[in-house]
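The basis for the numbers below is simple: all heavy atoms, side chains too, and nothing from hydrogens, waters or symmetry mates. In this chain, residues are counted from 1 in sequence order.
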Amino acid sequence: MTEPAVKQPNSLLNLSPNQRIWRRFKANKRGYYSLIIFSVLFILSLFAELLSNDKPLVIFYKGDLYVPVLVSYPETTFGGDFETEADYNDAYIRKKISDDGWLINTLNSHSYNSINYDSAEANPAAPSAQNLLGTDDRGRDVLARLIYGFRLSVLFAFVLTLIGVVIGIIAGAVQGYFGGRIDLYFQRFIEVWGSMPELYLLIIFSSIFQPGVLILIVLLSLFGWMGLSDYVRAEFLKGRNLEYIKAAKALGLSNLQIMWRHLLPNSLTPVITFLPFRISGSILALTSLDFLGLGVPPSTPSLGELLSQGKENISAWWLSLSTFIVLVGTLMLLIFIGEAIREALDSRKKS
């Protein structure tokens with residue numbers, strides 16, 4: 001006598017496909033908690049000016065309230081002698097404020113470009129009560145530059161990934177849907193374009209144009225879409241001859257409508273799966289270019305620039321170690337998130 005089939009709980013049967021995907025994602029504890037940690041760190045970095053700044057959050061002086069983190073005030077406002085913006089780390093200004101009021105500092109009273117002129121050690125200075133992670137070779141606070149550098153790296157990666165995804169989807173969709181000569185010519189173009197020496201082009205353009213985030217995004221976007229377009233092309237090639245696509249054509253839907261409504265939603269699985277890995281690759285690309293001196297300007301907070309300083313100052317272990325922990329930790333979180341997304345989108349997995 002055969003045993004009766006085990007029925008799934010009604011709660012599982014009532015779940016939508018997206019809810020099942022989210023349930024499978026949450027089941028991967030490592031990826032789920034990595035997403036929470038990464039999200040919290042990124043959101044906090046968006047408010048870096050409120051966490052690490054050489055300007056106090058609030059000053060109460062002689063009955064008036066001031067917000068230096070948002071508004072610039074001259075030194076004369078707080079009893080100083082000059083019309084230039086007040087240096088709130090100056091002992092003279094801090095004493096003037098404390099005599100007739102009070103102030104609330106940020107958690108780390110240094111910005112990414114502020115220099116500790118009162119350090120008793122030569123730069124780069126070791127970690128101390130003034131600079132929790134030490135200073136770099138110019139006397140700038142390492143903790144502040146890590147916070148701002150992390151934000152810059154993640155925002156850069158998001159923008160670069162978004163541009164690459166959009167171009168890759170469009171290119172792959174056109175190739176896969178129309179096929180024939182369009183696909184053939186496009187593939188030959190990708191082969192030629194992909195053989196271009198990307199690093200040499202970056203070196204050439206960095207000598208012509210002023211280094212900056214915008215020029216890096218433009219140059220890297222020219223090459224960053226090709227890998228993704230292959231996956232989208234394969235999905236469109238597979239789906240364009242299915243029965244429901246032929247039915248949509250018979251009903252008079254345009255090519256654009258069929259591609260947007262029917263083929264694209266079913267082709268997004270590889271796109272979503274590779275997103276965290278593409279973000280981590282973009283962070284590595286920016287870090288590598290900054291390490292080689294081909295990235296953002298030297299004054300910009302950058303993880304790659306800190307690693308370069310660590311290479312030039314081997315004895316200053318805090319430069320390399322702290323940057324290594326931030327970079328590797330970020331990449332590990334993104335990899336764990338990507339693995340969890342890949343498992344969640346696998347339809348063979350049971351909810």
Tell me the closest heavy-atom pair linking P276 and G338, and the distance in Å.
CG-CA, 3.6 Å
Any donor-acceptor pair under 3.5 Å from W260 side chain to P265 backbone
no
Hydrophobic clustering (ILVMFWY, side-chain heavy atoms < 4.5 Å, transitive) - are I279 and V40 grouped together?
yes
Quick one: sort the Y112 and Y148 rings into parallel, tilted or perpendicular, breaks at 30° and 60°.
tilted
Quick one: does I169's side chain get under 4.5 Å of L264's, heavy atoms only?
yes
For residues S267 and Y231, determine if any side-chain heavy atom of one lies less than 4.5 Å from a side-chain heavy atom of the other.
no
Flag yes if L220 and Y200 sit in one hydrophobic cluster, no otherwise; membership is Ile, Leu, Val, Met, Phe, Trp, Tyr, and two members link when side-chain heavy atoms are under 4.5 Å apart.
yes
Residue pairs meeting salt bridge (charged side-chain N to carboxylate O under 4.0 Å, His left out), one or both in residues 68-91, sequence neighbours left out, come to K55-E85
Taken in chain and number order and not counting sequence neighbours, the residues that satisfy side-chain hydrogen bond (donor to acceptor under 3.5 Å, both in side chains) with D230 are none
Minimum-distance pair of heavy atoms, taken over all atoms of F25 and I337
CE1-O, 4.0 Å
Is a side-chain donor or acceptor of R278 paired with a backbone partner of G224 at a separation under 3.5 angstrom?
yes
Please tell me whether L256 and L253 are part of a single hydrophobic cluster in this structure, the criterion being side-chain heavy atoms less than 4.5 Å apart.
no
How long is the straight-line distance from CD1 of I93 back to OG of S98, given to the nearest 0.5 Å?
11.0 Å
Would you indicate whether the side-chain heavy atoms of E235 and N266 approach each other to under 4.5 Å?
no
Just by modelled atom types, is the L222 backbone N or O under 3.5 Å from a matching donor or acceptor in the W225 side chain?
yes
Can you list the other members of the hydrophobic cluster that holds M332, where links are side-chain heavy atoms under 4.5 angstrom apart?
F324, V328, F336
Got V232 and V271 here, is their nearest side-chain heavy-atom distance under 4.5 Å?
yes
Atom CG in L307, atom CZ in F291: separation rounded to 0.5 Å?
6.5 Å
Any idea which heavy atoms bring Y92 and G80 closest together, and the distance?
CE2-CA, 4.2 Å
Identify whether L294 and L152 are in the same connected component of the hydrophobic contact network (ILVMFWY, side-chain heavy atoms under 4.5 Å).
yes
About how many Å separate OG1 of T135 and CD of E121, when rounded to the nearest 0.5 Å?
8.0 Å
Please walk me through it: do K96 and D100 pass side chain to side chain contact (heavy atoms under 4.5 Å, CB included)?
CA-CA 7 Å; K96 284 284 187 179; D100 295 294; 6.0 Å; no
Donor-acceptor check, side chain of R233 to backbone of G172, threshold 3.5 angstrom: yes or no?
no
Please answer whether the main-chain N or O of W318 pairs with a side-chain N or O of S322 as donor and acceptor at a distance below 3.5 Å.
yes
Does T269 offer a backbone N or O that forms a donor-acceptor pair with the side chain of T273 under 3.5 Å?
yes
More than 12 heavy atoms of other residues, nucleotides or ligands under 6.0 Å from CZ of F47: is that the case?
no
Sub-3.5 Å donor-acceptor pair from the side chain of Y177 to the main-chain atoms of G239, do we have one?
no
Run the numbers on I163 and V166 for side chain to side chain contact (heavy atoms under 4.5 Å, CB included), then give the verdict.
CA-CA 5 Å; I163 295 174; V166 172; 6.0 Å; no
On a heavy-atom basis, which atom in T330 and which in F38 lie closest, and how many Å separate them?
CG2-CE1, 4.1 Å
Between the side chains of E343 and R30, is the shortest nitrogen-to-carboxylate-oxygen separation below 4.0 Å, so that they form an ion pair?
no
Whether F223 and W193 hold their rings parallel, tilted or perpendicular, with breakpoints at 30° and 60°
parallel
For ring pair (Phe, Tyr, Trp, His ring centres under 6.0 Å), just list the numbers for F158 and F42, CA-CA rounded to whole Å, side-chain angles, deciding distance to a tenth of an Å, and then say yes or no.
CA-CA 11 Å; F158 282 168; F42 174 62; 5.2 Å; yes
Which word best sums up how the rings of W102 and F60 line up, parallel for under 30°, tilted for 30 to 60°, or perpendicular for over 60°?
parallel
For S254, check side-chain hydrogen bond (donor to acceptor under 3.5 Å, both in side chains) against everything at least two apart and list the hits.
Q257
Take atom CG of L65 as the centre, draw a 6.0 Å sphere, and report whether it contains more than 12 heavy atoms from other residues, nucleotides or ligands.
yes
Quick one, Y33 and I36 - any side-chain contact, counting heavy atoms below 4.5 Å?
yes
Nearest heavy atoms of S229 and A171, plus distance in Å
CB-CB, 4.2 Å
Do N123 and D136 pair up side chain to side chain, a donor and an acceptor below 3.5 Å, judged on atom types alone?
no
Verify the neighbour count for atom CZ of R188: are there more than 12 heavy atoms of other residues, nucleotides or ligands below 6.0 Å?
yes
For the CG atom of L334 and the OG atom of S34, what is their distance to the nearest 0.5 Å?
9.0 Å
Using the rule that two of Ile, Leu, Val, Met, Phe, Trp, Tyr join whenever any of their side-chain heavy atoms come within less than 4.5 Å, decide whether I217 and V296 are in one cluster.
yes
Closest heavy-atom pair and its distance - V326, F150:
CG1-CD1, 4.3 Å
Considering residues at least two apart in sequence or located in another chain, which fulfil the salt bridge (charged side-chain N to carboxylate O under 4.0 Å, His left out) criterion with R151?
E49
Are N113 and R138 close enough, and set up right, to give a side chain to side chain contact (heavy atoms under 4.5 Å, CB included), and what steps lead you there?
CA-CA 9 Å; N113 58 355; R138 301 181 187 179; over 6 Å; no
Return yes if a side-chain donor-acceptor contact under 3.5 Å exists between N108 and D141, otherwise no.
yes
Return the CD to CD distance between Q309 and E305, rounded to the nearest 0.5 Å.
4.5 Å
Min side-chain heavy-atom separation V142-R145 under 4.5 Å
no
Consider only side-chain N and O atoms of E191 and Q187, and report whether a donor and an acceptor are under 3.5 Å apart.
no
Is there side-chain contact between L51 and T106, with heavy atoms separated by less than 4.5 Å?
no
Looking at S153 and I283, would you say the former's side chain and the latter's main chain have a donor-acceptor pair under 3.5 Å?
no
Going by the rule side-chain contact (heavy atoms from CB on, under 4.5 Å), which residues pair with S114 if we only count those two or more places apart in sequence or in a different chain?
D54, H110, S111
Rounded distance (nearest 0.5 Å) linking atom CG of L103 with atom CD1 of I59
5.5 Å
Side-chain contact test, heavy atoms from C-beta onward, threshold under 4.5 Å: evaluate it for P74 versus T84 and give yes or no.
no
Could you give me the CA-CA distance, side-chain angles and deciding distance for I341 and L275, then say whether side chain to side chain contact (heavy atoms under 4.5 Å, CB included) is met?
CA-CA 9 Å; I341 292 175; L275 277 181; over 6 Å; no
Any salt bridge linking D99 with K95? Criterion: basic side-chain nitrogen under 4.0 Å from a carboxylate oxygen.
yes
